[in-house]
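Reviewing the structure listed below.
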There are 2 protein chains.
Amino acid sequence: MQFNLDQSSARPVYQQIIDSIKREIALGRISKGQKLPTVRRLAAQLIINPNTIAKAYRQLESEGIISTRPGSGAFVAQLNSTLSHAVRQKIITEKIELLAVDAIHMQIGRPTLQTWLSDTLDRFQFTTAEPDNDSQPNPTSENPND
Amino acid sequence: MQFNLDQSSARPVYQQIIDSIKREIALGRISKGQKLPTVRRLAAQLIINPNTIAKAYRQLESEGIISTRPGSGAFVAQLNSTLSHAVRQKIITEKIELLAVDAIHMQIGRPTLQTWLSDTLDRFQFTTAEPDNDSQPNPTSENPND
DNA sequence: CTATTGTACTAGTACATATAGTACGCATTA
DNA sequence: TAATGCGTACTATATGTACTAGTACAATAG
């Protein structure tokens, strides 16, 4: 697992870790049941304090993204939002609004914006996003425990 | 001008003011040359410190969104980004990526996301975003540089 | 058992946010 | 010209967050 931290960024380090892990999952590079680096190991790799990693893991677990077990480690959980559809729509729509405002002020036109969104979605695992699930072969060493 | 501040939000107040003004402009409710509320007046209306408004105006001016003149007030500037196309694409694409990651983790499908984006864009002044300009009688130098 | 893992504290430093008060320079207007 | 309103700049203070540092504990794996 490879992370690119930007210590000079205004975005907090623990938030950058959250972003990175969620991105890896969304890209399909790590999938359900797979083990994440340990708190201390990832902290040593990134040369930051273990508490910062622990904070990121704590929040990821509260969001249901990962599942942690003392003694074992942290594992990627199922892609299963606990929020209602209405709440999810509200959250996403608000983010879309902020995006639209920025795009307008940068004079990005509607077709351009839609093209960029489409190009971005192509790079993610967006075919399996909704409750349907196709059987994709997974040759990686998966850990089927629940 | 009407603002909805959420003091309990994690988003800083001065940032909420910036968001609101940019949103009003993007929605076409206030347009170029129009006068914004004064620092002290808006502070009194929102019952917050004038320094907080001043900070928001300062940043809006640094982004080229508004133009301030001591003695006169603050005015909406032209919709004219000083950034190069490549930089703007990078900024917007990064925001799109974060949106896509969140959408995937909330199990929002691709067509749904595209529909929501389309619906949002309908509510904004998105027809005049790119090359064409509106019919406002404003004979100042419109300069779509880069 | 020992080693590893996530978790939970405390303490301290640094920075951002917001308020409070004061003062300055510029523009408008009476 | 004088008064007023305007944005700006500055200091000081209080609060919350981010991050580091260190320690300790409970659960798991071997």
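Per chain, numbering begins at 1; letters A, B, ... match sequence-line order.
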Under the criterion side chain to side chain contact (heavy atoms under 4.5 Å, CB included), I'd like the reasoning laid out for A:Leu46 against A:Ile53: C-alpha separation, chi angles, the key distance, then a yes or no. CA-CA 10 Å; A:Leu46 299 178; A:Ile53 309 290; 4.2 Å; yes
Those residues that, when tested against A:Asn51, pass side chain to side chain donor-acceptor pair (under 3.5 Å) (two or more places apart): A:Asn49
Measure the shortest side-chain to side-chain distance between B:Leu36 and B:Phe75 over non-hydrogen atoms and say whether it is less than 4.5 angstrom. no
Note: contacts of residues 11-19 of chain B with DNA chain C (heavy atom, under 4.0 Å) are B:Pro12, B:Val13, B:Tyr14
Residues that A:Glu24 engages under salt bridge (Lys or Arg N to Asp or Glu O under 4.0 Å), provided they are two or more places apart: A:Arg29
Can you confirm whether A:Tyr57 sits close enough to A:Ile18 that some side-chain heavy atom of one is under 4.5 Å from a side-chain heavy atom of the other? no
Quick one, A:Leu113 and B:Ile96 - any side-chain contact, counting heavy atoms below 4.5 Å? yes
Spacing of B:Gln59 atom CD relative to D:dG7 atom P, expressed in whole Å: 17 Å
Write out a two-atom table: protein N or O, nucleotide N or O from nucleotides 9-14 of chain D, distance below 3.5 Å.
none

According to the salt bridge (Lys or Arg N to Asp or Glu O under 4.0 Å) rule, which pairs have a member within residues 91-109 of chain A, sequence neighbours left out? A:Lys90-A:Glu94, A:Lys95-B:Asp102, A:Glu97-B:Arg23, A:Glu97-B:Arg123, A:Asp102-B:Lys22, A:Asp102-B:Lys95
Any non-hydrogen side-chain atom of A:Ile17 less than 4.5 Å from a side-chain atom of A:Ile48? yes
Any donor-acceptor pair under 3.5 Å linking the side-chain atoms of B:Ser118 with those of A:Arg110? yes
Is any side-chain heavy atom of A:His105 closer than 4.5 Å to one of B:Glu63? no
Let me spell it out: for each of B:Ile47 and A:Glu61, pick the nucleotide of DNA chain C with the closest heavy atom. Which residue's pick is nearer the 5' end? A:Glu61
Heavy-atom donor-acceptor pair, B:Gln34 side chain to B:Ser31 backbone, under 3.5 Å: yes
Just do the salt bridge (charged side-chain N to carboxylate O under 4.0 Å, His left out) check on A:Asp19 and A:Arg11 with the steps written out, would you? CA-CA 10 Å; A:Asp19 292 343; A:Arg11 201 159 180 81; 2.5 Å; yes
Show each protein N/O and nucleotides 26-30 of chain D N/O combination with a separation under 3.5 Å, one pair to a line.
from, atom 1, to, atom 2, distance (Å)
D:dT28, O4', A:Pro70, O, 3.2
D:dT28, O3', A:Ser72, OG, 3.0

Pick the nucleotide of DNA chain D nearest each of A:Pro50 and B:Arg40; which residue has the one closer to the 5' end? B:Arg40
Rounded to 10 degrees, the angle between the two terminal axes of the helix from C:dC1-D:dG30 to C:dA30-D:dT1, each from five pairs: 30°
Hey, which of A:Asn4, A:Thr52, A:Leu5 is the one that makes side chain to side chain contact (heavy atoms under 4.5 Å, CB included) with A:Gln16? A:Leu5
B:Arg69: which residues meet the salt bridge (Lys or Arg N to Asp or Glu O under 4.0 Å) condition with it, sequence neighbours left out? none
Applying side chain to side chain donor-acceptor pair (under 3.5 Å), name anything that partners B:Ser72, two or more places apart in sequence or on another chain. none
Under 3.5 Å, which protein N or O atoms sit close to an N or O of nucleotides 1-3 of chain D? Give each pair with its distance.
none

With sequence neighbours excluded, what pairs up with B:Glu61 under the salt bridge (Lys or Arg N to Asp or Glu O under 4.0 Å) test? none
Walk along DNA chain C from 5' to 3' and tell me the first and last nucleotide with an atom closer than 4.0 Å to a non-hydrogen atom of chain B. C:dT17 to C:dT28
Taking the side chain as everything from C-beta on, heavy atoms only, tell me whether B:Val76 gets closer than 4.5 Å to B:Ile65. no
Backbone N or O of B:Ile108 within a donor-acceptor pair of the B:Thr112 side chain at under 3.5 Å? no
